[in-house]
Number of protein chains: 2
Amino acid sequence: MPDLLDRLRERDWRLTAQRRVVTEVLGGEHVHLTADEIHALAARRLPEISRATVYNTLSELVALGEIREVNTDGRAKRYDPNAHQAHQHLICIQCGTIKDVHPEDNPLSALPPSERFGFDISDVEITYRGLCPNCAS
Amino acid sequence: MPDLLDRLRERDWRLTAQRRVVTEVLGGEHVHLTADEIHALAARRLPEISRATVYNTLSELVALGEIREVNTDGRAKRYDPNAHQAHQHLICIQCGTIKDVHPEDNPLSALPPSERFGFDISDVEITYRGLCPNCAS
DNA sequence: CCCTAACTTAGACAAGGTCTAAATTTAAAG
DNA sequence: CTTTAAATTTAGACCTTGTCTAAGTTAGGG
């Protein structure tokens with residue numbers, strides 16, 4: 001798969017300095033940053049970047065399906081660049097660390113038709129919570 | 001199982017008028033109200049009840065394990081009085097309706113040890129999303 | 001090189017929630 | 001029945017997260 005910036009170029013996404021630094025900050029595969037964290041990192045390279053632009057850019061990337069919004073705790077949303085591989089999240093209830101995990105079965109198959117109330121189900125989000133080895137000791 | 005107010009009485013929970021109306025508003029089994037909705041309903045019976053008290057009471061009920069906090073959409077948290085029966089949620093992406101559902105398997109069993117990163121997992125939260133029959137037509 | 005639509009900006013605004021200090025209420029002791 | 005200390009409630013200030021707007025700036029086709 002070509003990298004994120006290449007994919008965006010192919011889609012008539014006007015590439016500005018601001019959009020570039022935001023997507024660069026989201027480079028890794030196992031990163032789960034809040035909008036404010038992304039803004040702070042982006043501002044290290046482009047000091048005048050505004051909060052509004054970071055929010056706008058993130059919304060566009062979500063709409064394009066290039067990143068996912070994760071609602072882990074009712075606090076700030078986090079943005080997950082690992083959008084092209086189905087996965088779920090495992091979160092430490094103490095330190096907040098987030099891991100990507102991959103359940104064995106298709107999570108949808110556990111929900112029998114009688115429990116679907118006629119819905120056309122399109123998405124399943126699973127969050128596992130527990131104590132990480134570091135916090136347990 | 002004795003009802004909510006009885007259980008709380010047995011636990012030295014000082015029962016005030018404010019706490020009573022909040023717990024009464026949470027009476028049903030299949031209700032998923034926001035704090036503001038709970039405040040509005042409570043205020044119909046006890047007009048001077050404050051927002052802070054509603055938030056305090058809800059936090060205490062969560063800590064006591066009598067209700068559950070549900071984070072459905074990154075907007076306001078919802079409070080679910082159906083805390084003593086394991087269940088998950090099915091949400092309409094259009095109208096926001098929330099249904100309680102009961103998957104067949106233990107959701108934890110789908111996560112193999114190799115995907116647990118040494119965590120001691122204590123909770124799994126699953127949210128199914130789709131279009132309800134009403135919105136589909 | 002110019003033009004215009006697209007983009008970015010600062011800052012006001014809004015929703016949801018937390019905190020604080022003062023007032024009130026509870027219930028236990030005298 | 002009073003006193004009293006601790007628990008509870010209150011109004012409103014404040015905080016965090018996110019959205020909106022109007023004005024300024026920029027990308028890139030012609």
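Chain naming here is simple, since letters A, B, ... match the order of the sequence lines and numbering starts at 1 in each.
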Just how far, in rounded Å, is C1' of dT9(D) from CG of L46(B)?
11 Å
Whole-Å gap separating P (dA14(C)) and CG (D36(B)):
16 Å
Using a heavy-atom cut-off of 4.0 Å across all strands, would you classify T16(A) as base, sugar-phosphate, or nothing?
sugar-phosphate
Selected nucleotide, minimal atom distance to R14(A) side chain, candidates dG17(C), dT9(C), dG28(D)
dG28(D)
OP1 or OP2 of dT16(D) sitting under 4.0 Å from any side-chain N/O of R75(A)?
no
Would you kindly compare V54(A) and A76(B) by the position of their nearest DNA chain C nucleotide and give the one closer to the 5′ end?
V54(A)
Short side-chain N/O contact from Q18(B) to OP1 or OP2 of dT25(C), under 4.0 Å
no
Heavy-atom closest pair (Q88(B) atom, P107(B) atom, distance to 0.1 Å) is NE2-CG, 4.3 Å
Kindly point out which of dT8(C), dT10(D), dT8(D) is positioned nearest to the side chain of E48(B)?
dT10(D)
What integer distance in Å separates D73(A):CG from dG17(C):C1'?
13 Å
Using whole Å, report how far CD1 of I49(A) lies from C1' of dC7(C).
12 Å
Using every non-hydrogen atom in the two residues, find where Q94(B) and L131(B) come nearest and quote the distance to one decimal.
OE1-CD1, 3.6 Å
Answer with yes or no whether R51(A) presents, from its side chain, a donor or acceptor under 3.5 Å of a partner atom in the base of dG18(D).
yes
Are the side chains of Y79(B) and E69(B) in contact, using a 4.5 Å heavy-atom criterion?
yes
Find the distance L58(A):CG to dG18(D):C1' and express it as a whole number of Å.
12 Å
How many whole angstroms separate atom CG of N71(A) from atom C1' of dG18(D)?
12 Å
Could you tell me the separation between the CG atom of N56(B) and the P atom of dA11(D), rounded to a whole number of Å?
13 Å
In terms of heavy-atom contacts, D73(B) and N71(A) come closest through C-ND2, 4.0 Å
Nucleotide of dT10(D), dT19(D), dG17(C) approaching Y55(A) most closely (side-chain heavy atoms)
dT19(D)
Take atom NE2 of H39(B) and atom C1' of dG17(C), then tell me their distance rounded to the nearest Å.
13 Å
Side chain of A52(A) only, please: which of dT9(D), dC7(C), dG11(C) is the nearest?
dG11(C)
Is the distance from OP1 or OP2 of dT9(D) to the nearest side-chain N or O of S50(B) less than 4.0 Å?
no
Give R19(A) one of three labels, base, sugar-phosphate or nothing, depending on what nucleic acid heavy atoms sit under 4.0 Å from its own.
sugar-phosphate
Looking at side-chain heavy atoms only, is the closest gap between E66(A) and H84(A) below 4.5 Å?
yes
